[in-house]
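Single-structure report; data block below.
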Amino acid sequence: MKPNRVKFAVFLLVISAATPMLAQNGAAIYKSKCQMCHMADGSGNKAMKVPAFSPNASAASLIAITRKGISPRMPAYAGKLTDAQMKAVVAYIKTLK
Ligand code: HEC
């Protein structure tokens with residue numbers, strides 16, 4: 001193989017390994033930080049007035065909400081989760097349903 005092909009093969013390996021890792025990492029974050037209010041399946045919790053995730057909301061808007069929170073009941077995660085972690089947890093939320 002030519003050096004460029006080797007680089008490309010390594011690149012593909014890294015991408016294919018990173019995608020499931022992102023969702024797995026997101027699942028761990030979700031279970032430890034979000035599930036107590038949003039429930040395991042993301043359906044929310046009537047007693048705690050947590051709605052189900054809007055199915056049509058874009059990942060970008062869910063990340064923005066996660067970052068800023070919704071006063072007073074949805075905590076803001078700016079400074080508590082990194083951008084990569086918010087992206088991973090929202091990728092996981094998108095797999096729920
Ligand atoms: C203390 C309970 C609580 C925790 C913990 C919590 N949330 Fe929430 N979340 C809420 C409530 C309540 C709302 C609805 C707020 C409203 O509409 O006033 C909400 C709304 C949201 C929304 C908007 C839903 C939509 O589709 O419009 C997103 C996205 C969200 N939360 C993400 C997260 C993520 C990600 C985590 C974990 C990192 C998390 N939340 C942890 C209580 C919580």
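The figures that follow rest on heavy atoms only: side chains count, while hydrogens, waters and symmetry mates do not. Counting convention: from 1, in listed order, for ligands and their atoms alike.
If you run side chain to side chain contact (heavy atoms under 4.5 Å, CB included) between Met39 and each of Asn45, Leu96, Val50, only Asn45 comes through. The side chain to side chain contact (heavy atoms under 4.5 Å, CB included) test with Leu81 singles out one residue from Lys87, Met86, Arg67, and that residue is Met86.
The shell of residues lying under 4.0 angstrom from ligand 1, judged by heavy atoms, includes Pro75.
If you look at Ser54 next to ligand 1, the close heavy atoms, those under 4.0 Å, come from the backbone and the side chain alike. When non-hydrogen atoms are compared, ligand 1 lies under 4.0 Å from the backbone of Leu62 as well as from its side chain. Contacts with ligand 1 closer than 4.0 Å are made by side-chain heavy atoms of His38 only, the backbone lying farther away. Counting heavy atoms closer than 4.0 Å to ligand 1, residue Tyr77 contributes side-chain atoms (C-beta onward) but none from N, CA, C or O.
Linking ILVMFWY side-chain heavy atoms closer than 4.5 Å, directly or via other members, places Ile63 and Ile70 in a single hydrophobic cluster.
At the top of the distance list for atom 14 (C) of ligand 1, counting protein heavy atoms only, stands Pro51 CD, 3.3 Å. If you check which protein heavy atom lies closest to atom 24 (C) of ligand 1, you get Phe53 CD2, 3.9 Å. Among all protein heavy atoms, the one lying closest to atom 34 (C) of ligand 1 is Cys34 SG, 3.4 Å. Distance from atom 16 (C) of ligand 1 to its nearest protein heavy atom, with residue and atom name: Ile70 CG2, 3.8 Å. Counting only heavy atoms of the protein, atom 22 (C) of ligand 1 lies nearest to Ile65 CG2, 3.6 Å. When only non-hydrogen protein atoms are considered, atom 42 (C) of ligand 1 lies nearest to Arg73 O, 3.6 Å. Atom 5 (C) of ligand 1 has its closest protein heavy atom at Lys33 O, 3.3 Å.
With rounding to the nearest 0.5 angstrom, the CG atom of Asp41 is 10.0 Å from the CZ atom of Phe53.
Atoms of ligand 1 found under 4.0 Å from any heavy atom of Thr66 (numbered from 1 in listed order, with element): 32 (C), 35 (C).
Residues Leu62 and Lys94 share a closest heavy-atom pair of CD1-CE, 3.9 Å. Here the shortest heavy-atom pairing between Met48 and Cys37 reads CE-SG, 3.5 Å.
With 2.8 Å as the limit, Cys37 does not count as an N, O or S neighbour of atom 8 (Fe) of ligand 1. At least one N, O or S atom of Met74 sits under 2.8 Å from atom 8 (Fe) of ligand 1.
Residue Lys49 has no N or O atom closer than 3.5 Å to an N or O atom of ligand 1.
Ring geometry, His38 versus Tyr30: the interplanar angle falls from 30° to 60°, so the pair is classed tilted.
Using a 4.5 Å heavy-atom cutoff, the side chains of Val89 and Lys33 are not in contact.
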